[in-house]
2 protein chains.
Amino acid sequence: MPSTLKDIAKHVKLSVSTVSNILSSSDSRYNKATQKRVLQAAEELDYHPNKAARSMQGLRTKVIGVLVPDLANSYFPDIIHGIEHEADKEGYQVLLCQTYYNESDEARKISLLRQHRVDGFILFPIPFSHRNNKIFEKLKKGKIPVVCVDSKIDHIKFDFVGTEDYKGAKLAVSRLVELKHKKILCLSFGDESEIRSERLRGYTDALKKKKLKFDKNLVLPGPWEADAPADFLISLFKKKKPPTAIFAMSDLLAVWAYTQLRAAGYQIPKDVSIIGFGDLHEGRCLDTPLTTVAQDREEMGRKAISLLLARIKKPNSRCKEALIETKLINRASCFGVH
Amino acid sequence: MPSTLKDIAKHVKLSVSTVSNILSSSDSRYNKATQKRVLQAAEELDYHPNKAARSMQGLRTKVIGVLVPDLANSYFPDIIHGIEHEADKEGYQVLLCQTYYNESDEARKISLLRQHRVDGFILFPIPFSHRNNKIFEKLKKGKIPVVCVDSKIDHIKFDFVGTEDYKGAKLAVSRLVELKHKKILCLSFGDESEIRSERLRGYTDALKKKKLKFDKNLVLPGPWEADAPADFLISLFKKKKPPTAIFAMSDLLAVWAYTQLRAAGYQIPKDVSIIGFGDLHEGRCLDTPLTTVAQDREEMGRKAISLLLARIKKPNSRCKEALIETKLINRASCFGVH
DNA sequence: TATTATATTCGTAACGTTACGAATTGTAAC
DNA sequence: GTTACAATTCGTAACGTTACGAATATAATA
C-alpha cells in the first residue's frame, strides 16, 4: 500500500492532475508555494511513482535490460560498470540478469525483461549456441532496440560491440615472435565463435609475417574440451622440441596453463613464456604477473549504451558495429629466448 | 507496440477477459479447443504480458530486488547465484543493482526498485556508512520485506543473513597457534563493522585460549587505510622479532599481503604463514594457494531468499537472523614453526 | 465596472490487466 | 417444449499515471 498521487492530492487538497504535473515536470506554470507544498507532501507520504502505471501510458520506461552469461567471470563486471555509468548520465536505469550460459534461461530472462517493457537490451549472447533463434527474430521484428556484445546472433543483424580480436592476437603473438620464440602453442577456446576464429587468424598471420610456419597441432582447446587436457598439455612440453611459449585466447586459459605448468615443475617465464588475452584480475595477481592483451572494458560498456540509445532514438537506422581497441600489457610472464 | 490481450481477443474473436483467464491460469473451465486457439494466437502475436498492468492490480510482481555493492568483488556472484537459483524455484525473478559503495547510489537504486514495486529486497548495505537512514526507516514503516546480508542497518531491525565471523576467525587463528606461531599479525578491515569486531574477537579469543597475549600493535588495517601501509607492513617483518604468521580478515587482504611480502623477498609459507577469510578465487589461484576460512556463499543466498519469502508471507513476524557456517580450508600457505 | 489577458488549477479518457458476478449457450431429464 | 443444470463465455470496474483541453481565479487595462 504505497502512497499514490491520489493520496497526495487529498492531503494537499489539489487535484490529481495538478499533483502529477508538479511531480513529474519541475518546469511548470504552477505556483511556487503550491509546488513546495506538493513536494513536501510527497516526501512525507514516502511517495514512489509507480513505474507500472507510468509505462502503461506507452511512455518510455527509461530502463534498459542487460543480460550477461555469468557474473563470476570477472570479464563482465567492468563492462557492466561502463554500461551503468554511461546509462546513468543519460537518465537510464539498468536491470541486470544472468543466463549462466543456458539457452532456456537466456530465453526466459529476455521474456522477463520484455514483460517489464525495458526500452532496449544489451545482450551478451551465449556464443555459438544452437539455440532456437526465434526469440531474437521477434526482438528484431518487434523493433526492440538491441545491442549485442561479444557474440552475434546467426542470421540476424543487431548493433554490435566487440573487441579487435584479430589485431590483439596479432599483437600478442608478434611480441612472442620478437622475443625469438619459434614454437608457440595456441591455447584456444573450444567453440567455433567468431572471437575464436579472429584470434586464431591473428595468431597465424603474426607467424606468417615472420615466416614461421603454422602447425595445427600447436592449436589446442582449453581445459573444458578434451578429456585430460592438462596431461596432454604437459606431454607437449615433454617432447624433445617443446614449445617455448603459449598464446592463450583468454587470461583464464593462460592462468590455467600457468598453474598446470608450475605444478609440473616448469618455471614461468624461464622455461615457458605465456601471454594471455583480456587483462583480468586473475592474471595480475599471479606470482609472475601475466603479460596480456588488454581491452578497455568500461569503454565497451559505454559504447554499447551509446549505440543502444542511438537506436532507441532511430529504430530504423542501419546497424552499426564497433570494435574496441586492444593494447599489449607487458608484465613478467614473457621472456626472450636465445 | 507489443501486442495486448485485446489484440489476441480480436484475433480469436473472444472477449478480453476470456483470453486473460486462459492465459493466466492454466487450470480452467474453458473449452480445450478454445484454450489451444488462444495459446496459439498468443504465440503468433508474440504476446508478452505487461507486468506493469498486472502489478497495477495491486498484485504481487513476483520480482525481488537485490542490491550489492560491487560485482567486481568475487565474493558477491556466488551469493547471487544462490539467490537466483532459489528464487527461481519459487517462481520469483531477480532484479540486480549495484551501489558501488556509494550512499547516494544506494538510495537511488532502492528507490528505482521500489518504483518497480518489487515484492521485497535483499540488501548488502554499505558497511559502517554514515548514510541517512531515512530510506531504511521508510522501508521498515512501509512494511516492505527486506533481508540484509553481511551488514545491518543501525537501529533498524530487518531479517539478517551473515557469516559465523567469530567462529571462523577463531578457527583460523587456532590453526596458526597449533602450528606453533607465537606472533600473529591480524590484517583487519579499516571500518568499524560488526564483521570486523566479530572476527577480531575470534582472533583474540583464539590467542587467549592458548595463553598468548593480545598485542594491539599486531592489528593493522589493510591497504586502503594507512598512507603507506605496504611499507609499514614490510617494516614489521624487518624488526628483530617479526611476526611469523598473518591472519587476514579477507582473502583479498591476504592476497595483498602475500604479494607485498613476495615482492619484498619473503617466502610463503617458509618465512610467513598466511591465512585468509572467504575462500575467493583469487586466493585459490595463487602460486602458493591460500589457506582460508570458507563459507558456503550459495547457501547464504538461498537462506536470504527463504527468509525473504517467509517475510513476504508474514510481514509482521519477528525478525530472524541466520549465520552461515564456516570451515577451514587447508592449503599451502600455512606452515609449522619449530 | 466591464473586458481582456494571464496565472493557476481541474476533469476526463486512456493505457493493459484481472476479479467478480452476470450472461449466454448447450445438454439432459421430464 | 419446458425446466434445470452445467459448461462456457462475457462485461464492467478498478488499479495509478499522464496528456489534453477546459475551467476558474487573479490581475491589468479600458
Side-chain angles (χ1 to χ4, degrees), chain A residues 1-39 41-42 45-63 111-119 142, chain B residues 1-39 41-42 45-63 111-119 142:
Chain A
M1 54 192 93
S3 52
T4 69
L5 286 181
K6 202 152 93 178
D7 298 329
I8 298 179
K10 215 172 288 173
H11 197 258
V12 296
K13 299 197 200 312
L14 283 169
S15 76
V16 171
S17 40
T18 303
V19 175
S20 167
N21 283 331
I22 288 178
L23 250 29
S24 52
S25 57
S26 50
D27 73 306
S28 75
R29 51 209 168 144
Y30 291 94
N31 190 310
K32 278 258 183 269
T34 312
Q35 292 189 33
K36 200 175 295 175
R37 219 152 36 102
V38 169
L39 261 5
L45 300 182
D46 193 24
Y47 172 72
H48 293 256
N50 186 332
K51 265 219 152 127
R54 238 177 215 183
S55 84
M56 271 191 30
Q57 257 50 256
L59 300 179
R60 301 265 73 107
T61 55
K62 286 272 189 176
V63 177
S111 171
L112 161 63
L113 260 3
R114 289 195 66 173
Q115 290 180 24
H116 281 283
R117 297 295 185 265
V118 295
D119 289 346
Chain B
M1 55 196 90
S3 52
T4 70
L5 288 180
K6 205 153 92 180
D7 298 329
I8 299 179
K10 214 173 291 175
H11 197 257
V12 296
K13 299 198 200 312
L14 283 170
S15 76
V16 170
S17 38
T18 303
V19 175
S20 167
N21 283 331
I22 289 178
L23 250 28
S24 52
S25 55
S26 50
D27 74 306
S28 75
R29 51 209 168 145
Y30 291 94
N31 189 310
K32 278 260 184 268
T34 313
Q35 292 189 34
K36 200 174 296 177
R37 222 155 31 103
V38 169
L39 260 7
L45 300 181
D46 192 23
Y47 172 71
H48 294 255
N50 186 332
K51 264 219 153 134
R54 234 174 220 186
S55 85
M56 271 190 31
Q57 256 53 257
L59 301 177
R60 301 264 73 107
T61 55
K62 287 272 191 175
V63 176
S111 171
L112 162 62
L113 261 1
R114 289 196 65 174
Q115 291 180 24
H116 281 281
R117 297 295 185 266
V118 295
D119 289 347

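In what follows, chains are A, B, ... by sequence order, proteins preceding strands, each numbered from 1.
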Minimal non-hydrogen separation, B/M56 against A/N50, with atom names: CG-ND2, 4.4 Å

Minimal non-hydrogen separation, B/H48 against A/S111, with atom names: ND1-OG, 3.7 Å

Distance in angstrom units between [X] [atom1] and [N] [atom2], rounded:
X     : N      : atom1 : atom2 : value
B/K10 : D/dT9  : NZ    : P     : 20 Å
B/K13 : C/dT24 : NZ    : P     : 21 Å
B/N31 : C/dG26 : CG    : P     : 12 Å

Please enumerate all protein N or O atoms sitting under 3.5 Å from an N or O of nucleotides 15-18 of chain D, with distances to 0.1 Å.
unit_1: D/dC15; atom_1: O2; unit_2: B/Q57; atom_2: OE1; d: 2.7
unit_1: D/dG16; atom_1: N2; unit_2: A/A53; atom_2: O; d: 3.4
unit_1: D/dG16; atom_1: N2; unit_2: A/Q57; atom_2: NE2; d: 3.4
unit_1: D/dT17; atom_1: OP1; unit_2: A/Y47; atom_2: OH; d: 2.5
unit_1: D/dT17; atom_1: OP1; unit_2: A/N50; atom_2: N; d: 3.3
unit_1: D/dT17; atom_1: OP2; unit_2: A/L5; atom_2: N; d: 2.5
unit_1: D/dT17; atom_1: O2; unit_2: A/Q57; atom_2: OE1; d: 3.2
unit_1: D/dT17; atom_1: O2; unit_2: A/Q57; atom_2: NE2; d: 2.7
unit_1: D/dT18; atom_1: OP1; unit_2: A/R54; atom_2: NE; d: 2.7
unit_1: D/dT18; atom_1: OP1; unit_2: A/R54; atom_2: NH2; d: 3.0
unit_1: D/dT18; atom_1: OP2; unit_2: A/S20; atom_2: OG; d: 2.5

Residue-phosphate contact under 4.0 Å: A/T34 side-chain N/O, C/dT8 OP1/OP2: no

side-chain N/O A/S15 vs C/dC10 OP1/OP2, d < 4.0 Å: yes

Set of side-chain contact (heavy atoms from CB on, under 4.5 Å) partners for [X], sequence neighbours left out:
X     : answer
A/L45 : A/S3, A/D7, A/I8, A/H11
B/T61 : B/S55, B/V63, B/R117, B/D119
A/R37 : A/V12, A/L14, A/T34
B/K6  : B/T4, B/V16

Relative orientation of the end axes in the helix from C/dT1-D/dA30 to C/dC30-D/dG1, expressed as an angle to the nearest 10° (five pairs per end): 60°

Spatial distance of atom NZ (B/K36) from atom CG (B/N31) [nearest 0.5 Å]: 10.5 Å

For B/R114, all residues meeting salt bridge (Lys or Arg N to Asp or Glu O under 4.0 Å), sequence neighbours excluded: A/D46

Under the side chain to side chain donor-acceptor pair (under 3.5 Å) test, residues paired with B/S17 that sit two or more places apart: B/S15

Listing time: all N or O pairs from protein to nucleotides 22-28 of chain D that are below 3.5 Å?
none

Any side-chain heavy-atom pair of A/L5 and A/Y47 under 4.5 Å: yes

Heavy-atom donor-acceptor pair, B/Q35 side chain to B/I22 backbone, under 3.5 Å: no

